[in-house]
Amino acid sequence: SLSCIFMNTTNSYDQPEVEPEMQRIAEYAKQSVPQAHELDSEDNLKTRISLLVSRGVPSVLSACSGADSERTREFLARSYFGIVSNDDGKHCGAVVQQGGTRSLLNLYSEN
């Protein structure tokens, strides 16, 4: 769904931590160790989030906030958190203007 796409583009999902010991064991056993992709860097993430906000994604998130699925509501909340927490709160005003406050209150009251 859209909520999953927005959660992935804002990197709001839980990222597993790779312990150095496990990485050494995997290298010794000649197993592949997942590496962070270059497009997931902080600079690319900031650019991606700025583009999403300028294209009106918070209003889309607000429109989707009435979903019945608990998982969808969780993904929407994570997407909002990814947008607002990135770049020192630069996009908070845009989220509020596009209906984010009402949407977040709706998500909070339903969960």
Side-chain angles (χ1 to χ4, degrees):
S1 77
L2 281 176
S3 59
C4 185
I5 292 170
F6 292 137
M7 184 185 70
N8 287 331
T9 55
T10 59
N11 285 0
S12 302
Y13 49 87
D14 293 331
Q15 298 176 353
E17 294 181 23
V18 179
E19 297 179 14
E21 181 180 338
M22 293 302 289
Q23 187 172 4
R24 286 194 302 267
I25 291 171
E27 288 173 0
Y28 179 74
K30 296 181 182 174
Q31 295 293 318
S32 63
V33 179
Q35 301 291 330
H37 196 273
E38 61 190 31
L39 293 178
D40 285 337
S41 68
E42 284 294 320
D43 292 335
N44 288 328
L45 180 63
K46 288 179 182 181
T47 304
R48 212 168 38 232
I49 288 177
S50 294
L51 184 65
L52 288 172
V53 171
S54 68
R55 300 286 191 235
V57 166
S59 62
V60 173
L61 293 175
S62 178
C64 294
S65 67
D68 293 332
S69 170
E70 183 176 332
R71 192 152 184 96
T72 301
R73 291 193 308 264
E74 177 190 350
F75 289 170
L76 291 172
R78 284 178 182 245
S79 300
Y80 272 122
F81 180 72
I83 291 171
V84 173
S85 66
N86 196 356
D87 213 6
D88 298 326
K90 175 181 167 185
H91 305 295
C92 290
V95 170
V96 170
Q97 287 175 350
Q98 295 180 24
T101 306
R102 180 175 291 156
S103 173
L104 285 169
L105 287 172
N106 186 19
L107 291 170
Y108 174 76
S109 66
E110 290 182 12
N111 285 340

Salt-bridge test for Arg78 and Glu74: reply yes if a basic N is under 4.0 Å from a carboxylate O, no otherwise.
yes
To check you understand the geometry: which heavy-atom pair defines the closest contact between Cys64 and Leu76, and what is its length?
O-CD1, 3.3 Å
Is there a donor-acceptor contact under 3.5 Å from the side chain of Gln98 to the main chain of Ser59?
yes
Starting at CG of Asn86, measure out to OG of Ser50 and round the result to the nearest 0.5 Å.
7.5 Å
Distance-minimising heavy-atom pair for Val84 and Cys92
CG1-SG, 3.3 Å
Using a 3.5 Å distance criterion without hydrogens, assess whether the side chain of Ser103 forms a donor-acceptor pair with backbone atoms of Gly100.
no
For the atom pair CG (Leu2) and SG (Cys4), what is the distance rounded to the nearest 0.5 Å?
10.0 Å
Determine whether a donor-acceptor pair (N or O, by modelled atom type, separation under 3.5 Å) exists between the side chain of Arg73 and the backbone of Ser65.
no
Can you name the closest pair of heavy atoms from Gly82 and Ser12 and give their distance?
CA-OG, 3.4 Å
Report yes or no: does Arg48 contribute a side-chain atom to a donor-acceptor pair with the main-chain N or O of Leu39 at less than 3.5 Å?
yes
Hey, are the side chains of Ile25 and Glu21 touching, using non-hydrogen atoms and a 4.5 Å cut-off?
yes
Atom OH in Tyr108, atom CG in Leu104: separation rounded to 0.5 Å?
12.0 Å
If I take atom OG1 from residue Thr72 and atom CZ from residue Phe75, how far apart are they, to the nearest 0.5 angstrom?
7.5 Å
At what distance, to the nearest 0.5 angstrom, does CZ of Phe6 lie from CD1 of Ile49?
12.5 Å
Out of curiosity, His91 NE2 to Ile83 CD1, how far, rounded to the nearest 0.5 Å?
8.0 Å
